[in-house]
Amino acid sequence: MNPPNTNLRAFNLAVQTLLSTPSQFLPHLTIPTITHIPEQIGPLLEAQYPPAPSKKQQQQQPTQEKDRPSSRITIRALILDKDNTLCPAKTTTFPSKIYAHLHALRTSPTSPFNLSTAPNSILIVSNRAGSHPRYEPEAVEIEERLAGLKIPVFRLPAPKEGEVGVGVEKKPFCGKEVLEWFRERGVVQRADEIAVVGDRLGTDVLMAKEMGAWSVWCRDGVGEVTNGKRNVLEKMEVWVERYLRVSLGLKAPRPKGD
């Protein structure tokens, strides 16, 4: 019998974050579904997180547009969640609108995630597919469905020889290994060139926070397919996000990798 796909340490981190630094539980950018993510994410983030002026600019009031600080946010890579972000939970079925949007991101000549110019710029990181050998058929099926777009599924490294039960943990704790995956392929140099896109604050947003990347929260999951089918924790996160943002007036801090 397979053990349940639990992630107790992630739950503990979420509770600790809410009690100590609740602003870090909030996403940098919120969109309804992944179909609303644009090719150029940097300008949207820049509107909410304008660059701080340099010391020279602080001393001298800029008088011309060219003297103003330029955008410092450039997103070169996407980490995409699977369940309730790309596919309904525990399935490998891509809603037509979501597949079409992924296709546009991979084929548009102006997209920084274009398949020809940046083939390794999108990676699926799931706490199911790729997280354990028992979910390998699911990971393989996803890659087959996305074969034309060449979007791979990240596999958590297995425990090293002699380390029984010790290996890289699931989201939000595998950021270091995922960052290294992009670095090895020359996609990014720093974590703040990555956007983590997903429907969960307690895993996707906290993963971005832990690794120093930007976070994009898909508030409505996969849209109408998700409606009424979210679990208690997912529904609670929606309430918590609104409470922190609206009632307490909190805002996610810039990523530490920035």
Side-chain angles (χ1 to χ4, degrees), residues 4-7 10-11 13-14 17-18 24-39 41 44-45 75 78-106 113 122-131 135 138-139 141-143 145-146 149 151 153-154 170-172 174-175 178 194-210 213-246 252:
N5 188 33
T6 58
N7 198 353
F11 178 79
L13 176 63
T17 301
L18 283 171
Q24 294 185 331
F25 199 70
L26 291 170
H28 295 107
L29 181 65
T30 298
I31 56 177
T33 71
I34 197 170
T35 60
H36 294 79
I37 198 166
E39 291 180 4
I41 306 171
L44 287 183
L45 292 168
I75 302 300
L78 294 178
I79 295 172
L80 304 183
D81 175 48
K82 180 190 80 74
D83 287 312
N84 282 333
T85 301
L86 295 175
C87 307
K90 301 180 181 179
T91 77
T92 57
T93 303
F94 292 83
S96 58
K97 291 182 180 179
I98 289 178
Y99 184 88
H101 195 69
L102 289 177
H103 186 274
L105 290 175
R106 289 302 256 172
F113 317 112
I122 302 181
L123 180 66
I124 295 174
V125 181
S126 169
N127 277 353
R128 274 182 61 91
S131 69
Y135 296 123
E138 187 174 290
E141 186 170 351
I142 291 169
E143 291 180 332
R145 290 179 182 270
L146 298 177
L149 306 182
I151 299 177
V153 174
F154 180 74
K170 297 183 291 186
K171 293 186 296 185
C174 57
V178 176
I194 300 173
V196 181
V197 185
D199 74 308
R200 292 296 309 277
L201 302 178
T203 53
D204 303 307
V205 169
L206 285 189
M207 177 184 179
K209 169 250 179 185
E210 289 288 293
W214 296 92
S215 58
V216 180
W217 183 44
C218 297
R219 182 194 59 219
D220 301 335
V222 288
E224 63 275 6
V225 182
T226 305
N227 188 31
K229 299 181 181 179
R230 311 192 81 170
N231 63 38
V232 174
L233 280 178
E234 292 167 342
K235 293 178 181 178
M236 186 177 295
E237 285 185 349
V238 174
W239 180 87
V240 168
E241 186 276 338
R242 181 174 177 80
Y243 175 76
L244 296 177
R245 175 176 51 84
V246 178

What is the distance from atom OG1 of Thr30 to atom NE2 of His36, rounded to the nearest 0.5 Å? 12.5 Å

Taking the side chain as every heavy atom from C-beta outward, state whether Val232 and Lys235 have any pair of such atoms under 4.5 Å apart. no

Between Ile194 and Ala213 the two heavy atoms that sit nearest each other are O-CB, 3.4 Å

Would the distance check show the side chain of Glu234 and the main-chain N or O of Asn231 forming a donor-acceptor pair, the cut-off being under 3.5 Å? yes

Using every non-hydrogen atom in the two residues, find where Pro95 and Cys87 come nearest and quote the distance to one decimal. CD-CA, 4.4 Å

Point-to-point distance, once rounded to the nearest 0.5 Å, from CG of Asp204 to NZ of Lys171: 4.0 Å

Between Thr85 and Cys218, the two heavy atoms sitting closest are CG2-SG, 4.0 Å

Salt bridge or not between Arg219 and Glu241? Use side-chain N to carboxylate O under 4.0 Å. no

Can you find a heavy atom in the side chain of Ile124 that is under 4.5 Å from one in the side chain of Leu146? yes

First locate atom CG of Asp83, then atom CG of Asn127, and finally report the distance between them rounded to the nearest 0.5 Å. 9.0 Å

Distance-only, no hydrogens or angles: does the His28 side chain make a donor-acceptor pair with backbone N or O of Ala195 under 3.5 Å? no

Ile142 side chain near Phe94 side chain, heavy-atom distance below 4.5 Å: yes

Under the criterion side chain to side chain contact (heavy atoms under 4.5 Å, CB included), I'd like the reasoning laid out for Ile41 against Phe113: C-alpha separation, chi angles, the key distance, then a yes or no. CA-CA 11 Å; Ile41 306 171; Phe113 317 112; 4.3 Å; yes

To the nearest 0.5 Å, how far apart are CG in Leu26 and CH2 in Trp217? 9.0 Å

Non-neighbouring partners of Tyr243 that pass ring-ring contact (aromatic ring centres under 6.0 Å, His included), sequence neighbours left out: Trp239

If you measure from CD1 on Ile79 to OG on Ser215, what distance do you get to the nearest 0.5 Å? 11.0 Å

Considering non-hydrogen atoms only, spot the tightest contact between Ser131 and Lys170 and give its length. CB-CD, 3.8 Å

Looking at every non-hydrogen atom in both residues, tell me the closest pair between Ala129 and Ser126 and how far apart they are. N-OG, 3.3 Å

Output the distance between atom CD1 (Ile31) and atom CG (Asp199), rounded to the nearest 0.5 Å. 11.0 Å

Where Cys174 and Val125 come nearest, the two heavy atoms and their spacing: SG-CG1, 4.1 Å

Test side chain to side chain contact (heavy atoms under 4.5 Å, CB included) on Val205 and Phe25 and set out the steps. CA-CA 7 Å; Val205 169; Phe25 199 70; 6.0 Å; no

Side chain to side chain contact (heavy atoms under 4.5 Å, CB included) between Val216 and Leu44, worked out: CA-CA 11 Å; Val216 180; Leu44 287 183; over 6 Å; no

Considering only heavy atoms from C-beta outward, does the side chain of Leu13 approach that of Glu210 to under 4.5 Å? yes

For Arg145, enumerate each residue passing the side-chain hydrogen bond (donor to acceptor under 3.5 Å, both in side chains) test, keeping only those at least two apart in sequence or located in another chain. Thr92, Glu141

Derivation and outcome, side chain to side chain contact (heavy atoms under 4.5 Å, CB included), residues Leu244 and Leu18: CA-CA 9 Å; Leu244 296 177; Leu18 283 171; 3.9 Å; yes

Answer yes or no: is there a side-chain heavy-atom contact under 4.5 Å between Leu86 and Leu102? yes

Can a donor-acceptor pair be found, under 3.5 Å and without considering hydrogens, that links the side chain of Gln24 to the backbone of Thr17? no

Would you say the side-chain atoms of Lys82 pair up with the backbone N or O of Thr91, donor to acceptor, closer than 3.5 Å? yes

